[in-house]
Amino acid sequence: MGGMPEPRRHRRLVLGLLAFVAGSFAFGFALVPLYDVLCTITGLGNQKSLSRAVAAGTEAVDTGRLVTVDFIADLPTVGNWEFHPVLKSLQVHPGKLYEAKFFAHNLTGHATTAQAVPDIVPSKAATWFHKTECFCFSPQSFARDEQRMMPVRFFVDPSLPGYIDRLTLAYTFYDVPGPVASVGRGAAAR
């Protein structure tokens, strides 16, 4: 009847699916260094300049307005972690500096390094959401069974458009492969 024999077609399908899974897994790990490059190129997430701006008091606090910031934590299907925000949401005055904490617990059974990748929703509001200090700025090394609170300090720019009254800060927490973790620790030491 033409075509390949049945076992050979199945073998090709399985190999193709395995290649797809491996590529997806590699892409997930590549997100961490790609995020660092994006921050360096665009200046987004530059905590030093944001800290200087807050310390200098250049942002006026808008006490007449409240914006709700929701916190979400997510884990990829690969890895063994407990990771969640301490508070589910916080009402903030634009221009004022706030701190939120996330809890992380290494359940992998060995020492490891992880990286949090942030996301702001709605994405158009990311321009007005500024992190001055964040565990997402560098890979986090954990001993076996270590647990800790990890802070993120942030403010919402007072020029946030008035029709946006709710933001979501979401983090996905990834295990970092050895070579990437070593590069992150080296960069953090500088």
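We count residues from 1, following the sequence as given. Quick caveat, the model's predicted, so the values are computed rather than measured.
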Side-chain heavy atoms of [X] within contact of [Y], under 4.5 Å:
| X | Y | result |
| --- | --- | --- |
| Asp70 | Arg166 | yes |
| His110 | Arg144 | no |
| Cys136 | Lys131 | yes |
| Phe71 | Leu169 | yes |
| Val67 | Ile164 | no |
| Thr172 | Tyr174 | yes |
| Phe173 | Asp74 | no |
| Val156 | Leu167 | yes |

request  = Look at the rings of Phe154 and Phe129 and say which category their plane angle falls in: under 30° parallel, 30 to 60° tilted, over 60° perpendicular.
outcome  =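 The rings of Phe154 and Phe129 lie parallel, inter-plane angle below 30°.
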
ask   = Between Val152 and Glu133, is a side-chain contact (heavy atoms from CB on, under 4.5 Å) present by the stated rule, with each step listed?
value = CA-CA 6 Å; Val152 55; Glu133 180 183 322; over 6 Å; no

request  = Please say which of Arg148, Glu146, Gln147 ends up in a side chain to side chain contact (heavy atoms under 4.5 Å, CB included) with His105.
outcome  =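 Output: one option passes, namely Gln147.
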
key: Ala143 backbone acceptor or donor facing Asn106 side chain under 3.5 Å   =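 Confirmed, Asn106 side chain pairs with Ala143 backbone.
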
task = Look at the side chain of Gln140 and the backbone N and O of Ser138, then say whether any donor-acceptor pair between them is shorter than 3.5 Å.
result =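 The answer is yes, because a donor-acceptor pair under 3.5 Å joins these two groups.
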
Can you tell me how far the [atom1] atom of [X] sits from the [atom2] atom of [Y], to the nearest 0.5 Å?
| X | Y | atom1 | atom2 | answer |
| --- | --- | --- | --- | --- |
| Phe142 | Thr112 | CZ | OG1 | 9.5 Å |
| Leu13 | Arg8 | CG | CZ | 14.5 Å |
| Tyr163 | Asp165 | OH | CG | 11.5 Å |
| Glu82 | Leu107 | CD | CG | 6.5 Å |
| Glu99 | Thr132 | CD | OG1 | 9.0 Å |
| Asn80 | Thr108 | CG | OG1 | 7.0 Å |

N/O donor-acceptor pairs under 3.5 Å from side chains in residues 83-95, not counting sequence neighbours:
from  : atom 1 : to    : atom 2 : distance (Å)
Gln91 : NE2    : Thr68 : OG1    : 3.4
His93 : ND1    : Asp62 : O      : 3.4
His93 : ND1    : Thr63 : O      : 3.4
His93 : ND1    : Arg65 : O      : 3.0

ask   = Other hydrophobic cluster members with Leu18, side-chain heavy atoms of Ile/Leu/Val/Met/Phe/Trp/Tyr under 4.5 Å, chained?
value =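 Members besides Leu18, by chain and number: Val14.
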
task = Is it possible for you to say whether Ile72 and Tyr98 belong to one hydrophobic cluster, with membership spreading through side-chain heavy-atom contacts below 4.5 Å?
result =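 The answer is no; the residues belong to distinct hydrophobic clusters.
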
ask   = For Phe155 and Lys96, which heavy atoms make the closest approach, and how far apart are they?
value =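 Closest heavy-atom pair between Phe155 and Lys96: CB-O, 3.3 Å.
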
inquiry  = If the condition is ring pair (Phe, Tyr, Trp, His ring centres under 6.0 Å), which residues does Phe135 pass it with, not counting sequence neighbours?
reply    =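 With neighbours one apart ignored, the set is Phe102, Tyr171.
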
